[in-house]
4 protein chains.
Amino acid sequence: MKQRKIQIGVIGGREETPEVLQAACEVGYLIAQKGAVLFCGGLGGVMAAACKGAKEAFGLTVGILPMEQSQLANPYVDIVIPTGLGVARNAVIINACDGVIAIGGKFGTLSEMAFALQREIPIVSLYSWEIDPAVLVAKTSEEAVTELFNQLNKLNLLP
Amino acid sequence: MKQRKIQIGVIGGREETPEVLQAACEVGYLIAQKGAVLFCGGLGGVMAAACKGAKEAFGLTVGILPMEQSQLANPYVDIVIPTGLGVARNAVIINACDGVIAIGGKFGTLSEMAFALQREIPIVSLYSWEIDPAVLVAKTSEEAVTELFNQLNKLNLLP
Amino acid sequence: MKQRKIQIGVIGGREETPEVLQAACEVGYLIAQKGAVLFCGGLGGVMAAACKGAKEAFGLTVGILPMEQSQLANPYVDIVIPTGLGVARNAVIINACDGVIAIGGKFGTLSEMAFALQREIPIVSLYSWEIDPAVLVAKTSEEAVTELFNQLNKLNLLP
Amino acid sequence: MKQRKIQIGVIGGREETPEVLQAACEVGYLIAQKGAVLFCGGLGGVMAAACKGAKEAFGLTVGILPMEQSQLANPYVDIVIPTGLGVARNAVIINACDGVIAIGGKFGTLSEMAFALQREIPIVSLYSWEIDPAVLVAKTSEEAVTELFNQLNKLNLLP
């Protein structure tokens, strides 16, 4: 039986600077290059940028939306889960991920980092919250992805 | 922009006869052959059989689990969403689907059919509940998939 | 320690005939008279009528809404839980109840009855779905409440 | 029509020092004295202490549990909502509250504060996270409740 691919979440805000969006796009690209499936909230901003990057590297993207309308997903989402759960979908995103990279973002992102800290999965922060020593802080998109996969490797979570 | 693939749910029971499981496997195969993504609850019985069939046709499978443990997914699930939502995940499965085929099943399946009827998406019943005229009844796995895609076609939901 | 009060759900449609709404009001009244807390979806139709009846008997009412806006609760709801979960809140309502009376209703009500059947809690149907022998069928509001409490009594669920 | 009572959440950890639990008990007492309904996660630690305090002041308490088993609620919960939603229930708790007091706690509490910040409802921190200027910091239980109700008053949220 072939093992399932690693599932990596990219979480972050809907409204970010071009610099942050560029980083999100690069992070998405690198995640896909490593053969992982990219999970996100499926909407705009960091989520759309990361999905766009992943598609450029021929990756697979999953968008877990708060609303019931699948047509509200960004155009780079392959698999759309329009949950209808509102912000409770933040918990579902984190439950689905083996590791998470937070890029920018505000309180929605903070709630997701809190759930990730509670689950004790690897988390990297790039221009985002640094609320706990368990959060690895990265300065570039490359560093963020490298740190996350190093951590996953240490925990024997890579296929 | 490439359009997203159609997402088809296969819902049904964990404990079914070999005949029903065989039908589920065939339904999964045919769904994958038509290029659709197969959605299910990610566990055993009808869910595992349908995923197995889809993988034999090189399809993509998504399992939306009630619990938080991804390792409880059946081995034919490619993308695993361990929601932790309990039975509320039944609503999430249906919200994610463009159409549904019910195969066997009991009350969990009934709740999913009810959500599908409420959303007014195409539903086919194969050895399952026939609670409303809107539910199309099929006698074979082939008939089930054909009827569902005819209905999706009528509604202009096919890419 | 005082034991918690019995929690009874009244489920049903938003648009019903005056006859059905009158029955819902009477059911709410009788549930409150028996000292139980009335649970419902918190919106209009059967839900509002049942809450109104319960308040006439000085009972306590809980409304578990699909949306996040508490102001959309009917005016007879004492405790409002605006879940934001969409239809997934149907599962939460049923998980909170010791027994359920279904009055009228369509597919939303059917999903709730399915969850109640799965949990194997007592269910009475009044002008509603009769999908399984485990559903007790009543012809009047009084009969509905009496049958439900008889069933709860048999199961030693009454305080 | 009588207006609904204010609904105040007390969030915090399961394992806390006696000093923190004493503060939670006092906070619960004061909330009930002000005529508000106390909402919490329904389990032990800060949640049980706050409910105990509220009951000493003859208040009403609501426990929104992550699991489906109502018997796991602490004995001071009047209305139990065993959601079965896992940690996604944190979003439901916050959606139900007009204001929140955080007492101690770790990442679960942090996720709830993040949701409360996103909803822009009044939040007071007592021995808890101070992650944003919008979080009012209190040093005593009395100060916490006074600050919260002052804030609710300013926003015209008191009945």
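In what follows, every chain begins at residue 1, and chains take the letters A, B, ... in the order their sequences are listed.
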In this structure, CZ of Arg4(A) is separated from OH of Tyr76(B) (nearest 0.5 Å) by 13.0 Å
Smallest heavy-atom separation, Tyr127(B) atom then Glu19(B) atom, equals OH-OE2, 4.0 Å
Under 4.5 Å to a heavy atom of chain B? For Ile93(A) that would be neither
Heaviest contributor of heavy-atom pairs below 4.5 Å to chain A, chosen from Gln69(B), Gln7(B), Arg89(B), Arg119(B), is Gln7(B)
side-chain contact (heavy atoms from CB on, under 4.5 Å) with Ile8(B): of Leu38(B), Leu30(B), Leu148(B), only one passes, and it is Leu148(B)
Applying a strict 4.5 Å limit to non-hydrogen atoms, the region of Leu60(A) in contact with chain B is side chain
Cut-off 4.5 Å, heavy atoms of chain A, and the answer for Leu65(B) is neither
Flag for Glu26(A)-Gln22(A): side-chain donor and acceptor within less than 3.5 Å: yes
Is the CD atom of Gln71(B) crowded by more than 12 outside heavy atoms at less than 6.0 Å? yes
Pair count under 4.5 Å, heavy atoms only, with chain B: among Val37(A), Ile94(A), Ile79(A), highest is Ile79(A)
